[in-house]
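Contents: one structure, followed by commentary.
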Amino acid sequence: MLRIAIQKSGRLSEESLNLIRECGISFVNSSLKLKTECTNFPLEILFLRDDDIPGYVADGVADIGIVGQNVLVEEGKEELTVEKLGFSKCRLSLAVPKSDEYTSIHDLNGKNIATSYPNLLKAFLDAQGVQAQIHTISGSVEIAPSIGLAEAICDIVSSGSTLISNGLKEVERVFKSEAVLIASPELSPEKRGVLEKLLFRIQAVQRARKAKYILLNSPDDKIEEISRLLPSIKAPTVLPLAEEGWSSLHSVVNEDDFWEIIEKIKAAGAQGILVVPIEKMII
Ligand code: ATP
Ligand code: ZN
């Protein structure tokens, strides 16, 4: 039985649980419970505060966990990382009051900066040769300038709307973060085996999230040209249509290149293009 620690309630919780479900693992979830055992996979889920997850995994209380890189690196436990998970993307940024003039990072020399991430901030400032007083506070960092606690803040940003509503502007990006899977370095062979099975499923789910299955009709004399434009795992599938001179081409495209490819194959003569999601992808 492998124990995974995930955030009890917060910005990582839902996507962490979704990922486990998409791996085909079932469990009964009650927000009141501290842990739950999965019914069809040797996994037990512990629900914890995100800040506690790296420590519990490092100490072996939990075997693996899902946490933001911001918390992991702040706590100096980056080496526990096993896999990036691609969700809960955010950044740690420096912000100052909107009306302040800001030309460069050196404007922060000698200033007071409030943050919940003193280690990440210090590493960034040191690398830039800036000396500032770091005030560590645990929450509501964005109000620090308006109550006179600090001249600048360093906090998590995703859309930036919280900064704007507090009269602040983002001036420097300190750290980029996403959710990661972490694991204790000292797992028994049995637990390592379960982790490997889980990782295999996670990777299949991750690949599928980025990929789309594409089907299109092509005049037979354009198959070659269109095939060249379509990336695929091996080569595109070509099936004859009931109509003479036409074929159906099937392939897999990456979400990032998707629109560009569609434009090109359309220009090359593709018709009836269908794009469908992929649930799992094993290569
Ligand atoms: P806890 O009570 O568990 O300590 P918390 O208040 O510290 O929760 P949350 O605000 O739920 O934490 O954020 C958890 C993690 O989600 C952060 O550490 C970060 O990695 C990520 N995150 C934070 N804000 C955002 C955001 N706006 N968009 C996407 N991800 C975010
Ligand atoms: Zn937290």
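Each ligand, and each atom within it, is numbered from 1 in the order the structure gives. Each residue takes its place number in the sequence, starting with 1. Hydrogens, waters and symmetry mates play no part in the numbers below; they use all other heavy atoms, side chains included.
- For atom 21 (C) of ligand 1, the closest heavy atom belonging to the protein is Cys90 SG, 3.9 Å.
- Taking every non-hydrogen atom of Gly68 and a distance limit under 4.0 Å, the qualifying atoms of ligand 1 come out as 20 (O).
- In this model, a donor atom of one side chain and an acceptor atom of the other lie less than 3.5 Å apart for Glu170 and Ser93.
- Of the candidates Arg3, Arg192, Lys191, Asp63 forms a salt bridge (Lys or Arg N to Asp or Glu O under 4.0 Å) with just one, namely Lys191.
- With hydrogens left out, the protein atom closest to atom 14 (C) of ligand 1 is Asp50 OD2, 3.5 Å, a heavy atom.
- Ligand 1 has no atom lying under 4.0 Å from any heavy atom of Gln69.
- Counting only distance, with no hydrogens or angles, the side chain of Gln7 and the backbone of Leu12 share a donor-acceptor pair below 3.5 Å.
- Looking only at side-chain heavy atoms (C-beta outward), Asn29 and Arg21 come within less than 4.5 Å of each other.
- Nearest to the Zn ion (ligand 2), among the N, O or S atoms that Asp51 has, is OD1.
- For ligand 1 and Gly10, the ligand atoms under 4.0 Å from any heavy atom of the residue are 11 (O).
- Thr103 and Asp107 share a side-chain donor-acceptor pair at under 3.5 Å.
- With contacts defined as side-chain heavy-atom distances shorter than 4.5 Å, the pair Leu239/Ser247 does not qualify.
- Any N or O atom pair closer than 3.5 Å counts here, and Ser9 shares no such pair with ligand 1.
- With ligand atoms numbered from 1 in the order given, ligand 1 contributes 17 (C), 18 (O), 19 (C), 20 (O) to contacts under 4.0 Å with heavy atoms of Asn70.
- Under the side chain to side chain contact (heavy atoms under 4.5 Å, CB included) test applied with Leu92, the options Cys154, Ser177, Ser116 reduce to a single match, Cys154.
- Side-chain N or O atoms of Ser26 include none that pairs as donor or acceptor with a backbone N or O of Thr39 at under 3.5 Å.
- Using a 4.0 Å cut-off between heavy atoms, Lys89 contacts ligand 1 through its backbone alone, with no side-chain atom that close.
- The contact set between ligand 1 and Val71, taken as ligand atoms under 4.0 Å from a residue heavy atom, comprises 18 (O).
- The cluster map of Ile, Leu, Val, Met, Phe, Trp and Tyr, joined by side-chain heavy atoms under 4.5 Å apart, puts Val82 and Ile20 in the same cluster.
- Only the side chain of Ile156 comes within contact range of ligand 1, with a heavy atom under 4.0 Å; no backbone atom does.
- When the heavy atoms of Leu12, Val157, Ile53, Ile6 are ranked by distance to atom 15 (C) of ligand 1, first place goes to Leu12.
- The structure places CD1 of Ile6 at 3.5 Å from CG of Leu17, a figure rounded to the nearest 0.5 Å.
- There is a side-chain donor-acceptor pair under 3.5 Å between Glu74 and Asn119.
- Closest protein heavy atom to atom 27 (N) of ligand 1: Ser158 OG, 2.8 Å.
- Remark: atom 7 (O) of ligand 1 lies closer than 4.0 Å to at least one protein heavy atom.
- Within Asp50, the N/O/S atom positioned nearest the Zn ion (ligand 2) carries the name OD1.
- Annotation for ligand 1: atoms under 4.0 Å from non-hydrogen atoms of Gln7 are 1 (P), 3 (O), 5 (P), 8 (O), 9 (P), 11 (O), 12 (O), 14 (C).
- Taking each of Glu15, Arg49, Arg11 in turn, the one with a heavy atom nearest to atom 2 (O) of ligand 1 proves to be Arg49.
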